[in-house]
Amino acid sequence: QVQLVESGGGLVQAGGSLRLSCAASGRTDSRYAMGWFRQAPGKEREFVAAISRNGGSTYYADSVKGRFTISRDNAKNTVYLQMNSLKPEDTAVYYCAARTSAALSSSTFHYNYWGQGTQVTVSS
(Lines give C-alpha, C1' and ligand atoms only; values in the text may rest on other atoms or scores of the structure.)
Protein backbone atom coordinates (compact mmCIF):
# COMPACT_ATOMS: atom_id res chain seq x y z
CA GLN A 1 0.00 0.00 0.00
CA VAL A 2 1.11 3.52 -0.69
CA GLN A 3 -0.48 6.82 0.27
CA LEU A 4 -0.16 9.87 -1.97
CA VAL A 5 -0.63 13.50 -0.94
CA GLU A 6 -0.56 16.33 -3.47
CA SER A 7 0.28 19.94 -2.69
CA GLY A 8 1.22 23.15 -4.47
CA GLY A 9 -2.02 24.02 -6.17
CA GLY A 10 -3.49 27.50 -6.14
CA LEU A 11 -4.67 30.48 -8.16
CA VAL A 12 -2.37 31.88 -10.83
CA GLN A 13 -2.74 34.24 -13.76
CA ALA A 14 -2.46 33.02 -17.32
CA GLY A 15 1.18 32.76 -18.33
CA GLY A 16 2.27 32.02 -14.78
CA SER A 17 3.82 28.94 -13.22
CA LEU A 18 3.12 26.48 -10.43
CA ARG A 19 4.93 23.43 -9.13
CA LEU A 20 2.89 20.56 -7.79
CA SER A 21 4.34 17.98 -5.44
CA CYS A 22 3.17 14.47 -4.64
CA ALA A 23 4.56 12.94 -1.46
CA ALA A 24 4.37 9.18 -1.09
CA SER A 25 4.29 7.24 2.17
CA GLY A 26 3.87 3.59 3.05
CA ARG A 27 5.65 1.20 0.71
CA THR A 28 7.72 3.93 -0.86
CA ASP A 29 10.49 2.06 -2.55
CA SER A 30 10.87 3.15 -6.13
CA ARG A 31 8.82 0.31 -7.61
CA TYR A 32 6.07 2.57 -8.86
CA ALA A 33 5.75 4.35 -12.14
CA MET A 34 3.95 7.61 -11.45
CA GLY A 35 1.51 9.79 -13.27
CA TRP A 36 -0.32 13.09 -13.07
CA PHE A 37 -3.94 13.44 -14.17
CA ARG A 38 -6.44 16.28 -14.02
CA GLN A 39 -10.19 16.67 -13.96
CA ALA A 40 -12.09 19.82 -14.81
CA PRO A 41 -15.72 20.32 -13.72
CA GLY A 42 -18.07 18.27 -15.86
CA LYS A 43 -15.25 16.49 -17.65
CA GLU A 44 -13.60 13.12 -17.39
CA ARG A 45 -10.27 12.70 -15.69
CA GLU A 46 -7.51 13.07 -18.25
CA PHE A 47 -3.86 12.14 -18.47
CA VAL A 48 -1.22 14.85 -18.07
CA ALA A 49 2.18 13.21 -17.64
CA ALA A 50 3.92 10.03 -16.50
CA ILE A 51 7.40 9.09 -15.33
CA SER A 52 9.23 5.80 -15.02
CA ARG A 53 10.50 4.29 -11.80
CA ASN A 54 14.00 5.73 -12.14
CA GLY A 55 12.90 8.95 -13.82
CA GLY A 56 14.66 8.09 -17.05
CA SER A 57 11.53 8.04 -19.19
CA THR A 58 8.68 10.52 -19.35
CA TYR A 59 5.48 10.82 -21.35
CA TYR A 60 3.20 13.84 -21.82
CA ALA A 61 -0.22 14.64 -23.14
CA ASP A 62 -0.02 16.75 -26.30
CA SER A 63 -1.90 19.55 -24.56
CA VAL A 64 0.92 20.11 -22.03
CA LYS A 65 4.00 19.06 -23.99
CA GLY A 66 6.65 21.78 -23.88
CA ARG A 67 4.96 23.56 -20.95
CA PHE A 68 4.88 20.95 -18.16
CA THR A 69 7.73 18.86 -16.78
CA ILE A 70 7.36 15.78 -14.60
CA SER A 71 10.24 14.71 -12.36
CA ARG A 72 10.84 12.61 -9.27
CA ASP A 73 13.20 12.43 -6.32
CA ASN A 74 13.15 8.85 -5.06
CA ALA A 75 15.27 9.77 -2.04
CA LYS A 76 12.44 12.09 -0.95
CA ASN A 77 9.64 9.83 -2.19
CA THR A 78 8.25 12.78 -4.11
CA VAL A 79 7.08 13.40 -7.65
CA TYR A 80 6.80 16.90 -9.10
CA LEU A 81 4.91 18.57 -11.90
CA GLN A 82 6.39 21.89 -13.00
CA MET A 83 3.75 23.83 -14.91
CA ASN A 84 4.78 26.85 -16.97
CA SER A 85 2.92 29.10 -19.39
CA LEU A 86 -0.35 28.16 -17.74
CA LYS A 87 -3.60 28.69 -19.61
CA PRO A 88 -7.18 29.02 -18.32
CA GLU A 89 -7.92 25.62 -19.85
CA ASP A 90 -5.39 24.08 -17.44
CA THR A 91 -7.82 24.80 -14.61
CA ALA A 92 -8.68 21.50 -12.91
CA VAL A 93 -8.12 19.33 -9.88
CA TYR A 94 -4.76 17.64 -10.35
CA TYR A 95 -4.19 14.12 -9.08
CA CYS A 96 -1.06 12.04 -8.79
CA ALA A 97 -1.21 8.30 -9.16
CA ALA A 98 1.06 5.27 -8.79
CA ARG A 99 1.09 2.02 -10.66
CA THR A 100 2.85 -1.23 -9.78
CA SER A 101 4.32 -1.66 -13.20
CA ALA A 102 7.41 -0.43 -14.99
CA ALA A 103 5.53 0.63 -18.10
CA LEU A 104 4.30 4.18 -18.54
CA SER A 105 0.58 4.55 -19.10
CA SER A 106 -1.91 7.29 -19.86
CA SER A 107 -4.91 5.25 -18.74
CA THR A 108 -6.55 5.82 -15.37
CA PHE A 109 -7.37 2.10 -15.27
CA HIS A 110 -3.69 1.19 -15.06
CA TYR A 111 -3.00 3.06 -11.82
CA ASN A 112 -3.42 1.39 -8.46
CA TYR A 113 -3.18 4.31 -6.01
CA TRP A 114 -4.45 7.88 -6.13
CA GLY A 115 -4.04 11.03 -4.12
CA GLN A 116 -6.90 13.30 -3.05
CA GLY A 117 -6.09 16.02 -5.58
CA THR A 118 -5.07 19.66 -5.49
CA GLN A 119 -6.95 22.50 -7.17
CA VAL A 120 -5.24 24.58 -9.86
CA THR A 121 -7.08 27.65 -11.11
CA VAL A 122 -5.71 29.79 -13.93
CA SER A 123 -7.34 33.17 -14.42
CA SER A 124 -7.41 34.97 -17.76
Side-chain angles (χ1 to χ4, degrees):
Q1 286 280 357
V2 64
Q3 294 77 45
L4 304 172
V5 178
E6 302 94 336
S7 61
L11 174 64
V12 64
Q13 288 188 332
S17 298
L18 282 174
R19 188 175 83 154
L20 305 183
S21 299
C22 172
S25 61
R27 297 188 66 180
T28 56
D29 55 330
S30 58
R31 67 180 65 191
Y32 301 102
M34 301 292 293
W36 285 96
F37 292 77
R38 66 187 181 187
Q39 187 167 18
K43 295 188 176 182
E44 292 188 353
R45 192 169 297 188
E46 66 174 6
F47 170 74
V48 175
I51 190 166
S52 61
R53 293 170 174 174
N54 65 0
S57 297
T58 57
Y59 175 41
Y60 297 93
D62 288 343
S63 59
V64 306
K65 201 173 295 182
R67 299 189 298 123
F68 291 11
T69 302
I70 188 171
S71 62
R72 67 190 298 164
D73 185 338
N74 286 339
K76 296 182 178 179
N77 298 318
T78 302
V79 177
Y80 305 98
L81 185 68
Q82 178 67 44
M83 305 186 295
N84 299 328
S85 303
L86 282 161
K87 305 175 181 180
E89 51 264 43
D90 294 318
T91 295
V93 177
Y94 282 71
Y95 299 89
C96 75
R99 67 180 305 229
T100 54
S101 170
L104 302 183
S105 175
S106 61
S107 171
T108 58
F109 297 105
H110 291 165
Y111 287 81
N112 306 93
Y113 305 103
W114 292 84
Q116 84 291 346
T118 185
Q119 176 71 46
V120 171
T121 303
V122 184
S123 63
S124 58

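Positions are given from 1 along the sequence.
A distance-only check finds no donor-acceptor pair linking the side chain of Asn77 to the backbone of Ala23 [under 3.5 Å]. No donor-acceptor pair closer than 3.5 Å links the side chain of Thr91 to the backbone N or O of Thr121. Proximity of a side-chain donor or acceptor of Arg72 to a complementary backbone N or O of Ser52 within less than 3.5 Å is detected. Under a 3.5 Å cut-off, the side chain of Thr78 and the backbone N or O of Lys76 do form a donor-acceptor pair. Judged by distance alone, with hydrogens and angles left aside, the side-chain atoms of Arg99 form no donor-acceptor pair with the main-chain N or O of Ala33 at under 3.5 Å. No side-chain donor-acceptor contact under 3.5 Å links Glu46 to the backbone of Arg38.
Considering only heavy atoms from C-beta on, Leu86 comes within 4.5 Å of Leu18 through its side chain. Looking at Met83 and Ser17, their side chains never come closer than 4.5 Å, going by heavy atoms from C-beta outward. Side-chain contact between Ile51 and Tyr59 is absent, with no heavy atoms from C-beta onward closer than 4.5 Å. Lys87 is not listed as a side-chain neighbour of Val122, based on a closest heavy-atom distance of 4.5 Å or more. In this structure, Thr118 and Leu20 have side chains that are in contact, with non-hydrogen atoms separated by less than 4.5 Å. Looking at Thr69 and Tyr80, their side chains never come closer than 4.5 Å, going by heavy atoms from C-beta outward. Under the 4.5 Å side-chain criterion, counting only non-hydrogen atoms from C-beta, Gln1 is in contact with Tyr113.
Under the 6.0 Å cut-off for aromatic ring centres, Trp36 and Phe47 do not qualify, their centroids lying 6.0 Å or more apart.
Lys65 and Asp62 are joined by a salt bridge, as a carboxylate oxygen and a charged side-chain nitrogen come within less than 4.0 angstrom of each other.
Between the SG atom in Cys96 and the CE atom in Met34 there is a gap of 4.5 Å [rounded to 0.5 Å]. Atoms OG and CD, from Ser25 and Gln3 in turn, are 4.5 Å apart once rounded to the nearest 0.5 Å. Put simply, CD on Gln39 and OG1 on Thr108 are 9.5 Å apart, with the number rounded to the nearest 0.5 Å.
Cation-pi geometry between Arg53 and Tyr32 is not satisfied (NZ or CZ under 6.0 Å from the ring centre, within 45° of the ring normal).
Of the candidates Tyr95, Tyr94, Trp114, Phe109, Phe37 forms a ring-ring contact (aromatic ring centres under 6.0 Å, His included) with just one, namely Trp114.
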